There are 2 protein chains.
Amino acid sequence: MTIQSKMQAKNASPRILGAARAIAHREGAGKITIDAVAREADLSKGGVLYNFPTKRALLAGLLDEMLAEHRERLASVPEDRRSRTLRGHLEAIVQARAVDDDLSMAILAAAASDPRLLDPLRAELTGDLERILSDTQDTPGAMVVVLAIQGLRFQKLLGLPDGGADLRGRVIEQLRAMINELE
Amino acid sequence: MTIQSKMQAKNASPRILGAARAIAHREGAGKITIDAVAREADLSKGGVLYNFPTKRALLAGLLDEMLAEHRERLASVPEDRRSRTLRGHLEAIVQARAVDDDLSMAILAAAASDPRLLDPLRAELTGDLERILSDTQDTPGAMVVVLAIQGLRFQKLLGLPDGGADLRGRVIEQLRAMINELE
DNA sequence: ATAAAATTGCCGAATGGACGGTGAATAATG
DNA sequence: CATTATTCACCGTCCATTCGGCAATTTTAT
């Protein structure tokens, strides 16, 4: 109980989402439970459920937040360069923080029982993909890069073998080169 | 209840695994529960747990089975060609049956709470990757193909946008070409 | 301005269902 | 008979969701 013991915060949602992230990072993707989130956010279970009427809504909120951050990162790529979106995607995973991995796993796990949870992600990626493909004549070439980037994501997410940090670096260089060679 | 009403099969494990697959395919990844599997396999819950002492073991069994099939597919690639393993991986997803997607999702979901469940997969892929990389001088080039293939897997698994069947086909052609150009 | 009324944000106990797992008894097998 | 395979009846836990109530805040009425 902090300073705001009796003070009513206008919006506890960000605190709740932050708490969920913290739990995912500290205890793993499977530990995101309403109780746990409530404790972490210094809130009651009812309080959490007031802001997110269902657990699904909470997960959806997390995904939303991640997508927003994703958009920000894309926006931070210099305007003038070709293949902006594609570059953004690549740089995003280069800089990706480890925190998001457990979070992604949590969302993935939930999506197993409820595939439509990923709809916002699909929508976002559909837009990105359109932009990427319309940026070049060599659509298959661009698509290969997109797929490789996605591969990198899941490789990291699931801890699949990557051939060592050394190779990983060279692969990223290679992908950068491939992007530059797109027409 | 089929012909084998009162006949005791020597080994119910395959039937159980098959039941799990059926459920995953018919009702989704989230519906694989011990009770459900028992019903589907026409067995009691205890019977299932006799063969797989824990749910984790059941999932591990499913993963095992999938990896075995994976190895078979790899083995069916003509001996003489270069980059055998890599070609195998590519052809595997070209022919992949939809059944396995829900199954993979189920395993993925479980891995969220228990990452070590994926250890056998990691081991398998580590071996494959070694073989792939030692087949060529252009390790980054090969790795890009590996990643793209992995990207294809997850794209399909999660129903992410793929730019249409048309592009998909051309991408696969492109990947085949890239493999051929590896030295 | 101020009392009354309504709304907002939250609490926390209770509910109920789903699910993994156990163990003793029983049937089949060789 | 001994071992193996399976049933049946429970148990306990976890966990999302419900719900009635309460204090602070805002709105409405007087």
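Predicted, not measured: the structure shown is a model, and the values here were computed from it. Each chain gets a letter, A, B and so on, in the order its sequence line appears, and its residues count up from 1.
A donor-acceptor contact shorter than 3.5 Å is absent between the side chain of B:Gln150 and the backbone of A:Ala148. For B:Arg153 (side chain) and B:Ile93 (main-chain N/O), no donor-acceptor pair under 3.5 Å exists by modelled atom type. With hydrogens and angles disregarded, a donor-acceptor distance shorter than 3.5 Å links the side chain of A:Arg84 to the backbone of A:Val77. With hydrogens and angles disregarded, no donor-acceptor distance shorter than 3.5 Å links the side chain of B:Thr136 to the backbone of B:Leu133.
Contacts between residues 26-35 of chain A and DNA chain C, defined by a heavy-atom separation below 4.0 Å, involve no residue at all. Contacts with DNA chain D (heavy atom under 4.0 Å) in residues 107-118 of chain B: none are found. Residues of residues 50-57 of chain B that place a heavy atom closer than 4.0 Å to DNA chain C, in numerical order, are B:Thr54, B:Lys55.
Judged as a side chain to side chain donor-acceptor pair (under 3.5 Å), and not counting sequence neighbours, the contacts of B:Ser13 are B:Asn11, B:Asn51. Partners of B:Glu130 by salt bridge (charged side-chain N to carboxylate O under 4.0 Å, His left out), not counting sequence neighbours: none found. Not counting sequence neighbours, B:Phe52 has no partner by the ring-ring contact (aromatic ring centres under 6.0 Å, His included) test. With sequence neighbours excluded, no residue satisfies side chain to side chain contact (heavy atoms under 4.5 Å, CB included) with A:Ser113. Scored by the salt bridge (charged side-chain N to carboxylate O under 4.0 Å, His left out) test, B:Arg82 finds no partners at all (sequence neighbours excluded). For B:Lys55, the salt bridge (charged side-chain N to carboxylate O under 4.0 Å, His left out) criterion is met by no residue, not counting sequence neighbours.
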Can you check nucleotides 11-15 of chain C for protein contacts, nitrogen or oxygen pairs under 3.5 Å, and list what you find?
residue : atom : partner : partner atom : Å
C:dC11  : OP2  : A:Ser44 : N            : 2.6
C:dC11  : OP2  : A:Ser44 : OG           : 3.0
C:dC11  : O5'  : A:Ser44 : OG           : 3.2

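In the displayed structure, B:Lys156 atom NZ is contacted under 6.0 Å by more than 12 heavy atoms of other residues, nucleotides or ligands.
Evaluation of the side-chain hydrogen bond (donor to acceptor under 3.5 Å, both in side chains) test over residues 92-101 of chain A, restricted to residues two or more places apart or in two chains, returns A:Arg21-A:Asp100, A:Glu69-A:Arg97, A:Arg97-A:Asp100.
Rounded to a whole Å, the CZ atom of B:Arg15 is 10 Å from the C1' atom of D:dT6. In this structure, CG of A:Leu58 is placed 10 Å from P of D:dT17, rounded to the nearest angstrom. A straight line from CZ of A:Arg39 to P of D:dC15 spans 10 Å, rounded to a whole angstrom.
Rounded to 10 degrees, the angle separating the terminal helix axes of the helix from C:dA1-D:dT30 to C:dG30-D:dC1, each built from five base pairs, is 20°.
Salt bridge A:Arg176/A:Glu173: present, at least one basic N to carboxylate O contact under 4.0 Å.
The aromatic rings of B:His89 and B:His70 stand perpendicular to each other, their planes meeting at an angle above 60°, with 30° marking the opposite boundary.
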Starting from the C-alpha separation in whole Å, work towards a yes-or-no answer on side-chain contact (heavy atoms from CB on, under 4.5 Å) for A:Met178 and A:Leu175. CA-CA 5 Å; A:Met178 289 174 75; A:Leu175 289 175; 4.1 Å; yes
